[in-house]
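This one's a predicted model, so the numbers in the text were calculated from it and none came from an experiment. In listed order, ligands and their atoms are each counted from 1. Index from 1, following the sequence.
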Amino acid sequence: MVVIPAAGLGRRFLPVSRVVAKELLLLGRKPLVHHALDEVERAGFTSATIVTSPSKPALRSYFDPEPQLERALRERGDLETLACLREAAAIAGRLRLRFVEQSSPLGLGDAVRLAGARQTGPFAVLLPDDVIPGADHWRRLLDLHAATGRPCFCVRPVPVETAHRFGIAVCSPDGDGRLRVERLVEKPPRGRAPSNLSVLGRYVITADVLGALERMSRGRVHGSELQLTDAFAELIARSLPVLAVPFAGELFDNGTPEEYASSAARYLARVTAGAAPA
Ligand code: G1P
């Protein structure tokens, strides 16, 4: 099962994210959340849960079947558009898509905690900001988890001047060709990042990560955000191994309006070159 957190305020995309959920911004012909489900399917997962907020009803309706509109398109003979329209509801059906509501924007950690409360075993988390056309990173994450039983996530190098936008990890090889995370800082102040290795939003969450989130949730100041990175940091502080997989594939970062604009242009070039469907 994969959890796709999509309940954030989309602060960096205000004011437009007041009326259009950031996860519905288009990259090529599909919104970010649909790309996320494509990745889930490519990786071989069979179910997905989107964590959404009461202020984003369109995120649910995007995946609803629309028989009247389908009929109108069929009558016009517009079969290509009809196929695109139907695919949104179809992928939701194939992945037995469910929604969990986060009533207040209390952070990524809180979203994962809510979705995890219904889970028995370990599960995956995929942040829809980054669109990744491949799936090899999931095979590597899941193999690493299967071999060790430990929680893990992808990391990738970023330019130091952007490190303040990310969770930043200090890692060292653990002797088995794996990376062990030694230190983690969520969004370090500019110029103070302890490394240039950022946490990429692809995680395997285990019961001990959920336990850390629960403890942090009970202890937090009312209304303050819960960071997923801090739950991993709590495990590291207790000498419980947290592992990382270096990501080296193709990626479209949509974390800021500038990155989004540049990703949209690169994605279009990729489609034009025939490397991907729109
Ligand atoms: C989240 C995580 C951060 C991670 C980033 C990757 O931040 O908290 O650790 O590096 O995603 O995109 P957000 O971009 O949601 O603020």
Check your understanding: Does the side chain of Leu240 come within less than 4.5 Å of Glu234's, by heavy atoms?
Key -> no

Exercise for review: Scan side-chain atoms only and decide if His35 and Glu23 contain a donor-acceptor pair under the 3.5 Å cut-off.
Suggested key: no

Check your understanding: Would a 4.0 Å cut-off, counted as strictly less than, catch a protein heavy atom around atom 7 (O) of ligand 1?
Key -> yes

Practice item. Please determine if Glu186 has a nitrogen or oxygen closer than 3.5 Å to a nitrogen or oxygen of ligand 1. Key: yes

Check your understanding: Hey, which atoms in ligand 1 end up nearer than 4.0 Å to a heavy atom of Phe166?
Key -> 10 (O)

Practice item. Determine, stepwise, if the pair Glu87 / Arg94 fulfils salt bridge (Lys or Arg N to Asp or Glu O under 4.0 Å). Key: CA-CA 10 Å; Glu87 178 52 19; Arg94 291 196 299 273; 2.7 Å; yes

Review point. At the 4.0 Å heavy-atom cut-off, does Arg12 count as touching ligand 1?
Key: yes

**Study point:** Short N-O contact, Glu75 and Arg71, less than 4.0 angstrom
**Key:** no

Practice item. Using distance alone, with no hydrogens and no angle criterion, decide if Glu182 and Ser172 have a side-chain donor and acceptor under 3.5 Å apart. Key: yes

Exercise for review: May I ask you to check whether Val199 has an N/O atom sitting below 3.5 Å from an N/O atom of ligand 1?
Suggested key: yes

Point to revise | Side-chain heavy atoms of Trp138 within contact of Val40, under 4.5 Å | key: no

Review point. In terms of residue, atom name and distance, what is the protein heavy atom nearest to atom 11 (O) of ligand 1?
Key: Leu127 CD1, 3.3 Å

Review point. Among Lys187, Arg165, Arg156, Lys22, which residue places a heavy atom closest to atom 13 (P) of ligand 1?
Key: Lys187

Point to revise | Heteroatom proximity flag, Gly167 to ligand 1, N/O under 3.5 Å | key: yes

Point to revise | Numbered atoms and elements of ligand 1 in range of Thr229, under 4.0 angstrom, heavy atoms | key: 9 (O)

Practice item. Give the residue, atom name and distance (to 0.1 Å) of the protein heavy atom nearest atom 12 (O) of ligand 1. Key: Asp130 OD2, 3.7 Å

**Study point:** Whether Leu228 lies under 4.0 Å from ligand 1, heavy atom
**Key:** no

**Study point:** Stepwise salt bridge (Lys or Arg N to Asp or Glu O under 4.0 Å) test for Lys56 and Glu101
**Key:** CA-CA 10 Å; Lys56 296 184 180 180; Glu101 204 159 273; over 6 Å; no

Exercise for review: Look at the aromatic rings of Phe232 and Tyr203 and report parallel, tilted or perpendicular, splitting at 30° and 60°.
Suggested key: parallel

